[in-house]
Amino acid sequence: MKYFFVVFFLIFTSCTSEENLNLQTNSKYQGTYVGNFNGELSGEISFNVSNTGSLEGGVYYNNVPNSSQSISGYVMIDGKFNATAKSGLNFIGYLYGTTMNGKWTKGNLTGDYEFHKK
């Protein structure tokens, strides 16, 4: 019985998910990105992508004085990213070229974003 658990543990831990295959160790997307978002909310966004694809940064609202939030997320090996603030503000898209654009959402609120790599 003891060997059964050892074998089961080895099989379970050796399986690699498709998501793990997309993890990065030296991301070609690393760097600083800045831009704007508009729509039912508006403001500025800036974030850094690390060499492992982790995304950390902040959003700064135009229509709410002294208001900012941190965002975090991940960039997959194909450039697909997802960045979310605790309030539910969510940016989804692909990092490519020098200028990126796409849609953001926060509950029923939506809008567009555009940013570029510094």
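- Remark: side-chain polar atoms of Tyr74 are paired, donor with acceptor, to backbone N or O of Thr52 under 3.5 angstrom.
- Scanning for ring-ring contact (aromatic ring centres under 6.0 Å, His included) contacts around Phe81 gives Phe115, with sequence neighbours left out.
- Interatomic distance, Glu56 CD to Ser46 OG, rounded to the nearest 0.5 Å: 11.5 Å.
- Residues Asn90 and Ala83 come closest through the heavy atom pair OD1-O, 3.0 Å.
- Checked by atom type, the side-chain pair Gln69/Tyr60 shows no donor-acceptor distance below 3.5 Å.
- A 4.5 Å side-chain heavy-atom check between Asn48 and Leu55 finds every atom pair outside the cut-off.
- Using cut-offs of 30° and 60° for the angle between ring planes, the Tyr113 and Phe91 rings count as perpendicular.
- Taking both residues in full, the closest heavy atoms of Tyr29 and Val75 are given as CD1-CG1, 3.7 Å, listed atom of the first, atom of the second, then distance.
- For Lys80, the salt bridge (Lys or Arg N to Asp or Glu O under 4.0 Å) test picks out no residue, with sequence neighbours left out.
- Here the side chains of Val34 and His116 are in contact, with some heavy-atom distance below 4.5 Å.
- In this structure, the side chains of Lys103 and Thr110 stay at 4.5 Å or more apart for every pair of heavy atoms.
- Contact annotation: the side chain of Ser50 never approaches that of Gln30 to less than 4.5 Å [non-hydrogen atoms, C-beta and beyond].
- In this structure, the side chains of Trp104 and Leu41 come closer than 4.5 Å at one or more pairs of heavy atoms.
- Heavy-atom minimum distance, Tyr61 versus Leu89: OH-CD2, 3.4 Å.
- A 4.5 Å side-chain heavy-atom check between Tyr33 and Leu95 finds at least one atom pair inside the cut-off.
- In the hydrophobic clustering of this structure, Tyr94 groups with Phe37; members are Ile, Leu, Val, Met, Phe, Trp, Tyr whose side-chain heavy atoms approach within less than 4.5 Å, directly or through other members.
- Atoms OG and CZ, from Ser70 and Phe47 in turn, are 14.0 Å apart once rounded to the nearest 0.5 Å.
- By the 4.5 Å heavy-atom criterion applied to side chains, Ser68 and Val59 are not counted as neighbours.
- Atoms CG and OG, on Asn51 and Ser27 in that order, are 8.0 Å from each other to the nearest 0.5 Å.
- Counting heavy atoms from C-beta on, the side chains of Lys117 and Thr98 never come closer than 4.5 Å.
- Checked by atom type and distance alone, the side chain of Thr84 never pairs as donor or acceptor with a backbone atom of Gly88 at under 3.5 Å.
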